[in-house]
Amino acid sequence: MAVEDPTLTRIPVQTFAKEVEIQVHHPEFEVSSSVQFLDTEKLSTGRHRIEIGKFKDGCCGRAAFAIIDDGRVVEIETEACEDAKGTATEEEAALFRLAMDKLAPTEQEPQPVQTFLANLNVGMPPPIGVSGCIKICLLGYCVTCCSSPADGLSCSLTRPSGPSTGTASPLMTFRQEIEFEVYKPDFEALASNAFLDVEKLSTGRHRVPVGRMEGPCGDDTVFANIRDGQVINLEAEGCDRKGDPVPSDVLEVFALAHNTMALSAKPPEPIAAFLGDLISIDVWGCFWICGFGYCLFCCTGDVITSGTSKCWVEKRKNSLF
């Protein structure tokens, strides 16, 4: 199910700024098996375009070609994904420029072809400044961007790796202040609510479906937990079946948004009053947190059945969401 970008249709209920850690990685690169057999002497004069492998991160496997001029690798051309040529958003372009400006000189300078090929053969990826491809990670997700004169800048969401799994050390780490916006999720009450028997719900414990919430975990059924006629909390059951625990670098942003919104602090409410206000109901404890062109959809532990807070990252709809 396509999820509508909340920033297109609603005004944020809260905004805040927060400094977050940003990590820069080499995109995953697969070296062509022919590289080990290339003759560096023949490549030491003239201009050549040689296939060296492909970048595997991002929307597709991008074939990469080394442009060699008189024995120096001056550029790496990459094929763009056909459905993503020049599709970077303003936020992604700003993030790309920010990271590229902070690169060490060794990542930006042309290399002698002998050094370049020797590094590839021992598993070292191409220098970012020469290749124009970079992976930038923050808030539990990564964006892989590639820039080329022919196709412009294209970026695509890469599921967490490196900083989330601990399998790769970042090339560089820095901190940057980001403006965040908080949005409430869409909620649609069930027509059957008009026919619920309030008297039957006034005693004992009950779990009753009352609506549907649209979020990254799907068009999710929302249940009201009722105890002796009082709605204690809401649960979005489907959200419990998808998503990973909140990464550590998201927790501070999540906590700050949650504290400013205090959405899960609503006291128990009589079932009759609850049903009468379903048109304008807040889905307690679930909200969008959007910044730098991406949105996190987060639910607190008292809203999902596992009792563990979770977040899902999604690219905005107006950024090829």
Under-2.5 Å SG separation for cysteines Cys142, Cys137: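 Their SG atoms fall under 2.5 Å; a disulfide, then.
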[X] and [Y]: which non-hydrogen atoms are nearest, and at how many Å?
X	Y	value
Pro27	Phe55	CB-CD2, 3.8 Å
Glu179	Ala17	OE2-CB, 3.6 Å
Glu51	Ala63	OE2-CB, 4.4 Å
Phe29	Ala64	CE1-CB, 3.8 Å
Thr221	Pro209	CG2-CB, 4.0 Å
Gln114	Gly71	OE1-O, 4.4 Å

- request: Could you go through the disulfide (SG to SG under 2.5 Å) check for Cys146 and Cys155 one step at a time?
  value: CA-CA 7 Å; Cys146 283; Cys155 299; over 6 Å; no
task: Check the pair Arg212 / Glu188 against salt bridge (charged side-chain N to carboxylate O under 4.0 Å, His left out), numbers first and verdict last.
output: CA-CA 5 Å; Arg212 303 190 73 81; Glu188 180 181 358; over 6 Å; no
Answer yes or no: is there a side-chain heavy-atom contact under 4.5 Å between [X] and [Y]?
X	Y	answer
Lys102	Val24	no
Val13	Trp288	no
Asn119	Gln111	yes
Arg72	Val113	no
Ile76	Ile67	no
Leu38	Ile50	yes
Ile68	Phe116	no

query: Out of curiosity, does Phe65 fall in the hydrophobic cluster containing Leu117 (side-chain heavy atoms, cut-off under 4.5 Å, transitive links)?
result: no
- prompt: When clusters are formed by joining ILVMFWY residues with side-chain heavy atoms under 4.5 Å apart, either directly or through shared neighbours, do Leu98 and Leu171 land in the same one?
  reply: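 Same cluster: Leu98 reaches Leu171 through Ile, Leu, Val, Met, Phe, Trp or Tyr contacts under 4.5 Å.
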message: Check this for me, if you would: do Glu77 and Arg49 make a salt bridge, where the nitrogen-to-carboxylate-oxygen distance has to be below 4.0 angstrom?
response: yes
message: If the threshold is 4.0 Å, N to carboxylate O, is there a salt bridge linking Glu19 and Arg175?
response: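 Yes, charged N to carboxylate O under 4.0 Å.
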query: Can you tell me if CD on Gln36 sees more than 12 non-hydrogen neighbours from other groups inside 6.0 Å?
result: yes
- request: Measure from NZ or CZ of Lys18 to the centre of the six-membered ring of Phe180 and say whether it is under 6.0 Å with the direction within 45° of the ring axis.
  value: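 Pair Lys18/Phe180 does not count as cation-pi.
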Working to the nearest 0.5 Å, report the span between [atom1] of [X] and [atom2] of [Y].
X	Y	atom1	atom2	result
Ile178	Ile22	CD1	CD1	5.0 Å
Lys135	Gln23	NZ	CD	10.5 Å
Leu103	Ile134	CG	CD1	5.0 Å
Met172	Ile136	CE	CD1	8.5 Å
Ile226	Arg207	CD1	CZ	11.0 Å
Met124	His26	CE	NE2	7.5 Å

Quick check against the 3.5 Å criterion: does [X] have a side-chain atom that pairs as donor or acceptor with the backbone of [Y]?
X	Y	value
Glu92	Thr89	yes
Asn193	Leu190	yes
Asp228	Gly204	yes
Asp197	Lys200	yes

field: Chi angles and distances behind the side-chain contact (heavy atoms from CB on, under 4.5 Å) call for Tyr183, Ile289
entry: CA-CA 7 Å; Tyr183 297 84; Ile289 309 171; over 6 Å; no
task: Mind running side-chain contact (heavy atoms from CB on, under 4.5 Å) on Val182 and Thr15 for me, showing each step along the way?
output: CA-CA 6 Å; Val182 182; Thr15 60; over 6 Å; no
Qualifying residue for side chain to side chain contact (heavy atoms under 4.5 Å, CB included) with Leu120, from Thr115, Val73, Ile52: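 Per the side chain to side chain contact (heavy atoms under 4.5 Å, CB included) rule, the option paired with Leu120 is Ile52, out of Thr115, Val73, Ile52.
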field: Residues Val222, Phe187; criterion side-chain contact (heavy atoms from CB on, under 4.5 Å); working and verdict
entry: CA-CA 9 Å; Val222 176; Phe187 178 84; 3.9 Å; yes
Verdict with supporting geometry, Val143 and Phe96, side-chain contact (heavy atoms from CB on, under 4.5 Å): CA-CA 9 Å; Val143 182; Phe96 176 81; over 6 Å; no
